[in-house]
There are 2 protein chains.
Amino acid sequence: MELNARKKKILEVIIRDYINTAEPVGSRTLSKRCNLGISPATIRNEMADLEELGFLVQPHTSSGRIPTQQAYRYYVDEIMEIQKLEKMIRTDIHRGFLDHTTELGLTMSHTAQVLSQLTNYTAVVLAPRVTNFNCKHVQIVSLIKNRVLMVVVTQEGMAKNIEVTLSHEVDTILALKLSNVINGFLKNTVLSEMSSDLIDQIQELSPAESKLIHEIIPHLKKALMEDASEVHSTGLTNLFNYPEFSDVNKIKQLINIVQEKQVLSEMMASKDGNQVIRIKIGSENDNENLKDFSIITSTYELDGEMMGAFGVIGPTRMNYDNVSSVLNYIRNELNLHISNLLMK
Amino acid sequence: MELNARKKKILEVIIRDYINTAEPVGSRTLSKRCNLGISPATIRNEMADLEELGFLVQPHTSSGRIPTQQAYRYYVDEIMEIQKLEKMIRTDIHRGFLDHTTELGLTMSHTAQVLSQLTNYTAVVLAPRVTNFNCKHVQIVSLIKNRVLMVVVTQEGMAKNIEVTLSHEVDTILALKLSNVINGFLKNTVLSEMSSDLIDQIQELSPAESKLIHEIIPHLKKALMEDASEVHSTGLTNLFNYPEFSDVNKIKQLINIVQEKQVLSEMMASKDGNQVIRIKIGSENDNENLKDFSIITSTYELDGEMMGAFGVIGPTRMNYDNVSSVLNYIRNELNLHISNLLMK
DNA sequence: TATTAGCACTCGCAATAATTGAGTGCTAAC
DNA sequence: GTTAGCACTCAATTATTGCGAGTGCTAATA
């Protein structure tokens, strides 16, 4: 759908204005704000056209107009450009990261913090997943009696804890032996390919030990399959300041979203084209709870491989420019610092 | 402060009624509800007395009366009794726990779930702390380059992860050696008493290794000191249904409380007399954010030693009877299952 | 033909007024 | 000591009104 230059300009000003004020914008205000030197009457005509085209609606007869979702989509696709952040803000962010990259968890929560602060919306950050494919070391630690902790370490140096109960008691020495067996195995192949047959071929095991390994491997596989990457979120209350959230039900919806970490995680991690910045407006979201929100996400990488995602949730009347710019910069920073942290 | 039987009865009915309806209660309603066979006029007189004594207030002249904090305190201390839960509910809870005691984290989140469901308020559960004193094993796992993960295991079989960056690279073999050194040490004494001198006395260490141990120990000590016991909370949105939470600011306050896990943790873990069920009403709470809320907490134990706490946050107009009963029963269940889970 | 001034009309919003009703305190009688 | 009766209070609801920002349409203008 193409709009002529003037309609485009008018639509742009309306959206910008509405994003700032949350008030329907009328023809008089508009004629003053956009200095195209056209009268309110002309603008009214144009607005009527834009309404017919589905870009604007009137909350009630004889009020100003507000943008539709379609308008936001048009704005995002055809009008707005991702700005470079101000020098000062850039260095601020950069310094902040320097102080928070001693530990992965810290980096993640700091990212969420910065995101929500810079955008004034609710930020969500997905920590990298620990999966099957890149697991380089497993350490089994005896907890008590027949309970053990399995620590899985990835090639990139991330760790994940898995706590399980086994059929026999495992003491410190046995735990060490089991670790060694599994790690010996990992030298040649990956966990997902460790079958019963292969386990039985291992020489140095007593029957009891072999049985334990047989128990352990499925637990490991299962835990690595289920993609429960950690989710950090911040700035929930940021949204409360926007007029669209004076309604308690809207707030409930939001809290439900943020608490369903599983859903959030799946949604953000799902690939969708090659866009660096991904914008979902209102009903473009599959999740029912998100139909009234917009969510802008991006991903961070290590060696070109997607590691995790992060983003911002807000009203559909969101400052798409600013959020995109911020996400874009943070993405670069995150890539930089993550690769420093998890350098091979 | 003593009240005569009739005043006590009237106060009780007012509180019960107000807890149920959230409406100020007037003399007419009251005279019907409590079948003492006294007229509204008499009740008015009694109510006037109770107001003078500080138990009731009128939101405005010529409306019914509502209980003050003092009234709730009196109710909790002198009137209410902790009921035994219905048989059916008891067995339900019991069964639920049976399914969720394979892992400590699971037990904790399940407890929060059950609490919020049974009370319809917001539930908070503090997982057991992993401290200095009962640490029986430390496993150091090489992550990548000079980053290691330290897993601390307590006597009771709980584990805690600590991730640190050291001055030198640590590979798998070195990690094992360092673990052994520290564990050898732990056989004789506790971590907090491991001083520089003692480290230097360890024979089998190269200078580089000794240096690493010198770095590790303070990290361990520090991590074990800072009491960041995990906090599970559920049912945040439960409270939104109560009329006192139609105000967005109240909700903000609540969210702030629940998010400040540090504060919550300190508050709940602090001892305060020997009460099994601890009730803090409104301004009885030290925390500024909690002044408008009531919080009822209890603790769970292992071998008579306090391990953690759990409780419920709600409006001061809270169903103190029910919550106390539930907490009382959950406490028993939790003690039972935790001791099964962490049995020595 | 595109633009604009003018005008009657619409409708949400805020302020004001009128009405209702649940509840009180006080007094006098029981 | 208790109660019926009555005048009074005041929040909450509903109705009324005026205002103002905004619109669509029409006719005049460039």
Side-chain angles (χ1 to χ4, degrees), chain A residues 3-11 13-18 20-68 71 243-244 246-247 317, chain B residues 3-11 13-18 20-68 71 243-244 246-247 317:
Chain A
L3 298 181
N4 67 44
R6 194 168 69 181
K7 280 203 176 54
K8 196 166 165 180
K9 181 69 186 166
I10 289 174
L11 184 59
V13 178
I14 292 177
I15 294 177
R16 287 249 164 82
D17 198 74
Y18 185 65
N20 279 330
T21 64
E23 296 287 325
V25 344
S27 56
R28 174 137 3 148
T29 345
L30 194 50
S31 124
K32 280 176 202 152
R33 198 132 334 174
C34 78
N35 22 17
L36 282 175
I38 37 180
S39 77
T42 313
I43 290 178
R44 276 205 286 284
N45 290 330
E46 295 286 37
M47 282 166 96
D49 289 353
L50 285 168
E51 178 159 5
E52 211 166 317
L53 290 169
F55 289 103
L56 298 177
V57 279
Q58 291 178 281
H60 34 263
T61 334
S62 85
S63 81
R65 273 142 171 132
I66 62 176
T68 60
E244 32 269 271
S246 52
D247 175 25
R317 180 183 68 80
Chain B
L3 299 180
N4 67 46
R6 194 169 68 183
K7 281 203 174 58
K8 195 167 165 180
K9 182 70 185 164
I10 289 175
L11 186 58
V13 178
I14 292 177
I15 293 177
R16 289 249 164 81
D17 198 75
Y18 184 65
N20 280 329
T21 63
E23 296 288 324
V25 344
S27 56
R28 175 140 359 150
T29 347
L30 194 51
S31 122
K32 281 175 201 150
R33 198 133 333 176
C34 78
N35 23 18
L36 282 175
I38 38 179
S39 76
T42 314
I43 289 177
R44 278 206 285 283
N45 290 330
E46 295 285 39
M47 283 165 95
D49 289 353
L50 284 168
E51 177 159 6
E52 209 167 320
L53 290 168
F55 289 103
L56 299 175
V57 279
Q58 291 178 281
H60 35 264
T61 332
S62 85
S63 82
R65 274 145 170 127
I66 63 176
T68 59
E244 33 268 270
S246 51
D247 174 27
R317 180 183 70 80

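Proteins get letters first, then strands, A, B, ... in listed order; numbering begins at 1 in each.
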Chemist: Rounded to the nearest Å, what distance is computed from the CD atom of residue A:E46 to the P atom of nucleotide C:dT1?
Modeler: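 For the pair A:E46 CD and C:dT1 P, the rounded distance is 17 Å.
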Chemist: What residues, two or more places apart in sequence or in another chain, satisfy salt bridge (Lys or Arg N to Asp or Glu O under 4.0 Å) together with A:R44?
Modeler: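 For A:R44 there are no salt bridge (Lys or Arg N to Asp or Glu O under 4.0 Å) partners, ignoring immediate neighbours.
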Chemist: Which residues satisfy the side chain to side chain donor-acceptor pair (under 3.5 Å) test with A:E23, sequence neighbours excluded?
Modeler: none
Chemist: Please tell me if B:S39 has a side-chain N or O lying less than 4.0 Å from either OP1 or OP2 of D:dT2.
Modeler: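 Negative; the distance criterion is not met.
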Chemist: Under the salt bridge (Lys or Arg N to Asp or Glu O under 4.0 Å) test, which residues partner B:K9, sequence neighbours left out?
Modeler: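 Partners of B:K9 by the salt bridge (Lys or Arg N to Asp or Glu O under 4.0 Å) criterion come out as none, since no residue qualifies.
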Chemist: Just to verify, what does B:S39 make a side chain to side chain donor-acceptor pair (under 3.5 Å) with, not counting sequence neighbours?
Modeler: B:T42
Chemist: Assign each of B:I43 and B:H60 to its nearest nucleotide of DNA chain D by heavy atoms, then name whichever residue's nucleotide is nearer the 5' end.
Modeler: B:I43
Chemist: Output all residues satisfying salt bridge (Lys or Arg N to Asp or Glu O under 4.0 Å) with A:D49, sequence neighbours left out; order by chain, then residue number.
Modeler: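 In terms of salt bridge (Lys or Arg N to Asp or Glu O under 4.0 Å), with neighbours along the sequence ignored, A:D49 is linked to A:K7.
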Chemist: Any side-chain heavy atom of B:L50 within less than 4.5 Å of one from B:L3?
Modeler: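 Side-chain contact under 4.5 Å: yes.
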Chemist: Output one letter per nucleotide in nucleotides 17-30 of chain D: B when a protein non-hydrogen atom lies under 4.0 Å from the base, S when only the sugar-phosphate is that close, - when neither is.
Modeler: -----BBB------
Chemist: May I have the distance from A:E23 (atom CD) to C:dC13 (atom C1'), rounded to whole angstrom?
Modeler: 12 Å
